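The block underneath contains the structure these notes are about, expressed in structure tokens.
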There are 2 protein chains.
Amino acid sequence: MMAATTSGVTPPTKGEQTRASIIDAALSLFEESGYDASTMRAIAERAGVSVGNAYYYFSSKEELIQGFYDRNAAQHEARAAVDLEGVTDLVERARVNLRAWLDENAGFHEFAGVFLRTASDPASPMSPFSSESAGARDRAIGGWRLVVEGSDAAIPDTIREELPELLWLYQMGIVLFWVHDRSEGMAATRLLIDRTVPMLMRAVEFSALPMVREVVNDLVTLIADLRRLQIEPA
Amino acid sequence: MMAATTSGVTPPTKGEQTRASIIDAALSLFEESGYDASTMRAIAERAGVSVGNAYYYFSSKEELIQGFYDRNAAQHEARAAVDLEGVTDLVERARVNLRAWLDENAGFHEFAGVFLRTASDPASPMSPFSSESAGARDRAIGGWRLVVEGSDAAIPDTIREELPELLWLYQMGIVLFWVHDRSEGMAATRLLIDRTVPMLMRAVEFSALPMVREVVNDLVTLIADLRRLQIEPA
DNA sequence: GTCTATAACTAGATAGAC
DNA sequence: GTCTATCTAGTTATAGAC
């Protein structure tokens, strides 16, 4: 709202500092003891503020999860950009992107259950399909667009445009599986990724088949029709 | 634990009666005011018991949801059996089964959001994939088996065995969509069902294609491999 | 007017007596 | 089996400090 006081970087106001310290306290406690065991009182104490003050910045405990969400999305983006350098095969690029996500979130596996619990409530702004999540969703889909565009693969026109969003949806499925994965070192999720990515790409090739293409077209019009129904009543 | 006292029907013990009255009170309150607004104190009061006593029968508020779950599953089963009589076309039978579910659950749409929130926590016994839900899941898959077996469709051997479970998984997807559906009279979900069931059946036909069959085989072995990974570490 | 703190409220859950 | 009394933790009301 006001001009910057010193350098070009945003000057951290007192409020922003307090806000950051609350998020830091929350995330470190979540990682140490899990979501449920981390009380708002403990979070506030570690952040060096009162409970009431914490609620001035975050209107609920669940809202603190958004901090986790944002931070990890940014870290994943950076890591994927590095790992993708020099890789041109589409299947490999997709694997790299998913593995980067997996590694970036390794420490939050237990915590993710709570996250999913919140995210799957359609009324919650944390839902990946909600309008509040539109920014994060678009960023993630944009990441997939880079994966596709940086590859040397020939993609059928039938689904060229929709592929990044489709891959994001596929990723949501992988995440859902990951949350339930109890295997050592997430071996099951890694196997799932390694095996399904090639299948998915073969399915993309199928989409050029006339028979399949018909179904794809049906799906596209269906989605358009559904969007209309969902939006009209508001 | 004891021999029946009178007729062949199970004699309702005192505990069973109390248990039933708590569930009745809970479900009626949920329907009236929603899940969150229905406090355990209000439920206990309507049931004519103390809060502590309610917790003697149900170890958490969420556990009361299982009552809703069981009751509706039974009602859906009965309704579907009637509606399916005389219908032989597989696509139509699948539609009938899904519409029966939809109609049976029409009154619980808002409440279902909470249900989903609970069910999607992998740690929760309410998850449709949990071992605690195995009974309900098997009943639902059995219902789909009746849908398939009562039809005159020729189903490729490739997936004959897996089709009922596949259809149940598809139904879980429909339910997920339904929970998010804000359209008048669930028009969007009905459209989704009417359009995707034929697509699904056409996809089943595809599974006979050699190219596609290969992918199906890959999927089957993948699932077997995943099961092994998930089960070993316990 | 933006922050911050203390005290109180609410509702899920538990302990222990009867 | 059932109750009363109590605990815990998320949330809010409200008053005051910068």
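Naming: A, B, ... by sequence-line order, numbering from 1 per chain. Computed from a predicted model, the values in this text were never measured in an experiment.
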So, is A/Tyr56 close to the C/dT4 phosphate, meaning a side-chain N or O under 4.0 Å from OP1 or OP2?
no
Of the listed nucleotides (D/dT2, C/dG12, C/dA5), which one gets closest to any side-chain atom of B/Ser50?
D/dT2
Taking A/Asp138 first and then A/Arg145, would you say they form a salt bridge - that is, a charged N and a carboxylate O separated by under 4.0 Å?
no
For A/Val51, answer base if it contacts any base atom (sugar-phosphate contacts may also be present), sugar-phosphate if it contacts only those atoms, and nothing otherwise; contact means non-hydrogen atoms under 4.0 Å.
base
How long is the line joining CZ of B/Phe58 and P of D/dT2, in whole Å?
12 Å
Just the rounded figure in Å: distance from P of C/dT6 to CZ of A/Arg41.
13 Å
Can you list the steps and then say if A/Tyr56 with A/Thr18 is a side-chain hydrogen bond (donor to acceptor under 3.5 Å, both in side chains)?
CA-CA 10 Å; A/Tyr56 177 80; A/Thr18 310; over 6 Å; no
Side-chain N,O (A/Tyr57) to OP1/OP2 (C/dT4) below 4.0 Å
yes
Length of the OH-P vector between B/Tyr55 and C/dA13, whole Å
4 Å
Have a look at B/Gly52 and say if it touches a base, only the backbone sugar-phosphate, or nothing, with a 4.0 Å heavy-atom cut-off.
base
B/Glu165 atom CD, neighbour heavy-atom count above 12 within 6.0 Å
no
Quick one: A/Ile22 CD1 to C/dT4 C1', roughly how many Å, whole number?
10 Å
If only side-chain N and O atoms of A/Thr18 are considered, is one of them under 4.0 Å from the OP1 or OP2 phosphate oxygen of C/dT4?
yes
Interatomic spacing from CG in B/Asp24 to CD in B/Gln17 - rounded to 0.5 Å
11.5 Å
Should B/Asn53 be listed as having a side-chain N or O under 4.0 Å from OP1 or OP2 of D/dG1?
no
Need one value for A/Thr39: base, sugar-phosphate or nothing, where a base atom within 4.0 Å counts as base even if backbone is also close, heavy atoms only.
sugar-phosphate
